[in-house]
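Order of the sequence lines sets the chain letters (A, B, ...), proteins ahead of strands, with each chain counted from 1.
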Amino acid sequence: DQQVKQNSPSLSVQEGRISILNCDYTNSMFDYFLWYKKYPAEGPTFLISISSIKDKNEDGRFTVFLNKSAKHLSLHIVPSQPGDSAVYFCAASGGTALIFGKGTTLSVSS
Amino acid sequence: GAVVSQHPSRVICKSGTSVKIECRSLDFQATTMFWYRQFPKQSLMLMATSNEGSKATYEQGVEKDKFLINHASLTLSTLTVTSAHPEDSSFYICSARDNTLNSYNSPLHFGNGTRLTVT
């Protein structure tokens, strides 16, 4: 049973436009959410996080929104750049370890 | 920033042999490290939690006798895949969290992973 779901395996966006990556979770005990970015043959790198007491966190071009009632979070990247092309993993935590979604491959074309 | 070094990055071994993967936190201490496995186009699946000075905690379905974990110091954890078989071929990634940061709500730092191919 997947506790963290990223239903879109891929997303294509033009440079300069907004990228919106979505993530749903089922476990109401999750209280901390993170987004990781992964290039091929490399480990994931931390991008941005949000605590369950907040509904928005912004860091430069990246903003994460959390809707607890819908158990949904999203990552907005604006403006998108070709270097943003990577796999993005949503992760959730209710303890020490993280539970990951399957990832969404973002392709930003110039 | 915090760095986790994982070695080797790629290994090919014959069926029946054992392979050791090392995970080091380079500029921080980690009492706990995590080992993940990723199949193609799949999520990172937590295999086990490695605890410094004590036994690792394995997730359901992960064979502890096959995937031996040793966390000998605050900066080093090793994963040994024993008697490897082709179905063990996968991408293994370790991660760690800085001890000095508050609680579990600090991001994990990941190694670059090890691509294991068993022939």
Apply the test ring-ring contact (aromatic ring centres under 6.0 Å, His included) to residues A/F89 and B/Y36: give CA-CA distance (whole Å), side-chain angles for both, the deciding distance (0.1 Å), then the verdict. CA-CA 14 Å; A/F89 288 97; B/Y36 287 85; over 10 Å; no

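- Heavy atoms of B/L46 lying under 4.5 Å from chain A belong exclusively to its side chain.
- Atoms CD and NZ, from B/Q38 and A/K102 in turn, are 11.5 Å apart once rounded to the nearest 0.5 Å.
- With hydrophobic clusters built from ILVMFWY side chains whose heavy atoms lie under 4.5 angstrom apart, B/I93 shares a cluster with B/F34.
- A/V4 and A/F100 end up in different hydrophobic clusters when Ile, Leu, Val, Met, Phe, Trp and Tyr side chains are linked at under 4.5 Å.
- Residue B/L76 is not grouped with residue B/M33 when hydrophobic side chains (ILVMFWY) are merged at heavy-atom distances under 4.5 angstrom, including chains of intermediate members.
- Note: the hydrophobic cluster containing B/V62 also contains B/I21 (ILVMFWY, side chain heavy atoms under 4.5 Å, direct or indirect links).
- Of all the listed residues (A/A91, A/S49, A/P9, A/G101), the one sharing the greatest number of non-hydrogen pairs under 4.5 Å with chain B is A/G101.
- Each of A/F65 and A/L21 belongs to its own hydrophobic cluster when Ile, Leu, Val, Met, Phe, Trp and Tyr are linked at side-chain heavy-atom distances under 4.5 angstrom.
- To the nearest 0.5 Å, atom OG1 of residue A/T45 and atom CG of residue B/L108 are 12.5 Å apart.
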